[in-house]
Amino acid sequence: MTPASKSILDIANLSVSVRGEDGEREVVSNLSLALSRGETLCIAGESGSGKSMTALAIMQLLPQPAARISAGTIRLGETELTALDERQMRRIRGDRIAMIFQEPMTSLNPVLSIGRQLTESIEAHTSLSQAQARQRAIEALKAVRISEAESRLMQFPHELSGGMRQRVMIAMALALEPDVLIADEPTTALDVTVQGEVLELLRDLQRQHGTSVILITHDMGVVAEMADRVIIMRHGRMVEEGKTADIFARPQADYTRELLAAVPRIGSGVGRQKSRDVETATTPANVAEVKDLHVRFDLHGGFFGRVNRRVHAVEGVSFSIAPNETLALVGESGCGKSTTAKALAGLVPYSGDIVIGGRNLSGLGRDERKAVRRDVQMIFQDPFASLDPRMRVGDLVAEPLVIHGIASKEERSERVAALFERVGLSADQMELYPHEFSGGQRQRVCIARALALRPKLIIADESVSALDVSVQARVLDLLKELQREFGVAYLFISHDMAVVENISDRVAVMYLGQIVEMGTRDQVFSNPRHPYTRRLIEAVPVPDPGKRRSRFARLDQEIPSATRRIGEAPLKLALRDVGNGHLVAAGN
Amino acid sequence: MTSPIAPDLTAPGRMPVKPRAGVWRRLVKRRLALLGLVIVAIVVAGAVLAPWLTGYDPNEQMFDGLTIEGSPLPPDAKFWLGTDLLGRDLLTRILYGARTSLIIGIVANGVALLIGTLVGVVAGYFRGWVGSALMRFTDLMMAFPALLLAICLAAVFEPSLWIVAMVIALVNWVQTARVIYTETSSLAEREFIDAERTIGASAPRILFRHILPHLLPTIIVWGTLGISTTVLLEATLSFLGIGVQPPTASWGNIIFENQTYFQAAPWLVFFPGAAILALALAFNLIGDALRDILDPTQRGRA
């Protein structure tokens, strides 16, 4: 189908401006596109590329009064959307153009039941009776493969998992059979295995209804999986447009090439030559050893607020990390990987043994523990949240030195300056505040801060997942360089299998608080033995339209909850060695 | 893409701003803040220089201060703001009263703020039984009628200006504690506090270096709001006979002494009321400006 033949949505020379401190700035410039009936168009780009602003402009939902459409036209069929007033536009929203947002947690109203929210939008746009609207809502839920649709109508958003909520959002968007569906990063907040299901669902529904879809994403894997056509945007401008296969095979613009090169690919074996044999060299003492680690949170309930249930966040996890080694801990949200990291960093109480540099933490007094903990530093996920916004970054990086009484004042500022240069920032930037930096730069500040004490182990908790791919690639390279230079070990926590394959020496896969598979990177990626590991690897969208998966193995049941009643401790999995230290949970 | 450690220097192109230097300068540059400063300066000068600014004694009941019928005089050339029920010069009383009111407004309010912040921060950060105990105590204080409590406290101690200030402080810290508690407990959940703990920061360091600065806006707002409440609470106490003792003037007790004659002699309530309003407004303007200036993320958005 050629774009010009039967386009349902036509955007011509669209510009969007935002009024800021220093006058008006164009966030979308001169964008033109046409969307055909039944087509999936991906708008891809990194943060600040103007892709979300484009979506909001189509919906006429630009943040008022700062942003406005400064030029151009948006035609939906015969209707010129920019000329409509708010009342007329309201009739179009939901009915003819629907939108799905990134965060299914916040885009559903927490105090209204699912059914109420679904029927409300149906009743607003049609003349159906309450009973008919309810029937329509049930059909919509069934269409997005939600089981027991009738009883789900009574449930509230917090009773559903993230994937479920996003399916409800899709049901809501499609209930009125709109001509155009705009999905703004619909799977970014979801786990990979859930992401696969939601994408497939979107594809099926689109085929059935002939809906045109505009999919906004930063993930080239998702683009390859879903799109018929792609528009690459950068700084508010269209950089390249073309058929998906062409863009991936023969990217014309330099930026597209860079973007594609930066995407971590699973199974391509790039990154490291091969997994290095860290342990063979004279077997140095392990930096950290974790034995039978348990973290449980008590939940109070009942009339007297007694403990009646427990979250078994971490259940008997054991691993060790050698100097200069990167151990990756992978798994989906709620599997206990971050809690393990927090226990190691001293942020949550635990039971079991954590041995750092040969000293067991549980046997130490407060001051000794503080001294031992110096060797373990942490880089958090969100560089926007993990730096105190009221302190200058130079002071933030110097703070660990101050706390541990290292070096005089002058020496400290010299050291901090050196650290800044080392992580790719300049020493002049020490006087600035965190909000004056971009995400990637802030993560560099966090890295400099973690390095200040010359730790033996750095825990990186999803440290690159909040960053754009090109920035992500550079930060990963920096981490590798620093490892070569300082011999620091990493505990790298991530949900992203492609990134993990790129950086790790060894991999441990966690599921429901336990390790289900652990081995060298090659063992786990080229010979995954546990079904969950296989599923995780398969779920990663491949940035290659030629390898589009026809069907994604669907799990009908949800991942079980880690919350259990008192006295119902989960079964402990026994790990079996299947050769060369490749450990796999038995009983599969 | 190019070199892995290619410097990532793109975003901030602004010159580094000099640190605290110039809080004062930036304060003075804001017109409203300057107005606030001027009002405060006038009140302070009036209080300090009262004996030189007026020829009357604040407590002297003047023979020519009342009409033949014995009612107070409206403002005229001799008594600029008129006289009160006892024939005392109102301007003089307001000038001297400024001393009392400033001490109450600043000291009592300051102490209340200090207690409230301390209780709120400690309870909000440590939680557990310490937090619960502190907050239950705060709730108890809140449920107890403030005036009754003040009366009890005032009955125990010999009334003097400083005791009144303390009594007011002991009654007024509760609201601050509640608000600060809520804010602290949400701040303590933020990731940068976890990040501080992983580098080995001690609890006092986290509290004073990382949590307190974020509470500053709230503290400033409550501080400025508290000034008018405390000044009026002092007036109430004076009215009940347990505040500043009668002949001594304070803005609050001038209003209370004269409020029943509001219809006949409105100036007696209007002028001291305007003084309280102006002082509270002045502190509010200063506080507002300070809050913006001390927030680094607001830099350059004046």
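A, B, ... follow the sequence lines: proteins, then strands. Residue 1 opens every chain.
Between A:Pro389 and B:Arg190, some side-chain heavy-atom pair lies under the 4.5 Å cut-off. Residues B:Thr198 and A:Phe380 are in side-chain contact: their nearest non-hydrogen atoms beyond the backbone lie under 4.5 Å apart. With a 4.5 Å cut-off on side-chain heavy atoms, B:Asp194 and A:Lys342 count as touching. In this structure the side chain of A:Pro434 never reaches within 4.5 angstrom of the side chain of B:Phe192, judged on heavy atoms.
Only the backbone of A:Leu387 comes within less than 4.5 Å of a heavy atom of chain B; no side-chain atom from C-beta onward does. Looking at A:Val402, only its side chain comes within 4.5 Å of chain B, counting heavy atoms on both sides. Neither the backbone nor the side chain of A:Leu476 comes within contact range of chain B, judged by heavy atoms closer than 4.5 Å. In this structure, the portion of A:Arg449 lying under 4.5 Å from any heavy atom of chain B is its side chain and not its backbone.
Heavy atoms only, all atoms of each residue included: A:Arg390 and B:Pro217 are closest at NH2-CG, 3.6 Å. Across every non-hydrogen atom of A:Leu396 and B:Glu196, the tightest pair is CD2-OE2, 4.1 Å. The nearest pair of heavy atoms linking B:Glu191 to A:Ser386 is OE1-CB, 3.6 Å.
Chain A is approached within less than 4.5 Å, heavy atom to heavy atom, by no residue from residues 103-137 of chain B. Contact annotation for residues 203-214 of chain B against chain A (heavy-atom separation below 4.5 Å, listed by residue number): B:Arg205, B:Arg209, B:His210, B:Pro213, B:His214.
Around CZ of A:Arg257, the count of heavy atoms belonging to other residues, nucleotides or ligands within 6.0 Å exceeds 12.
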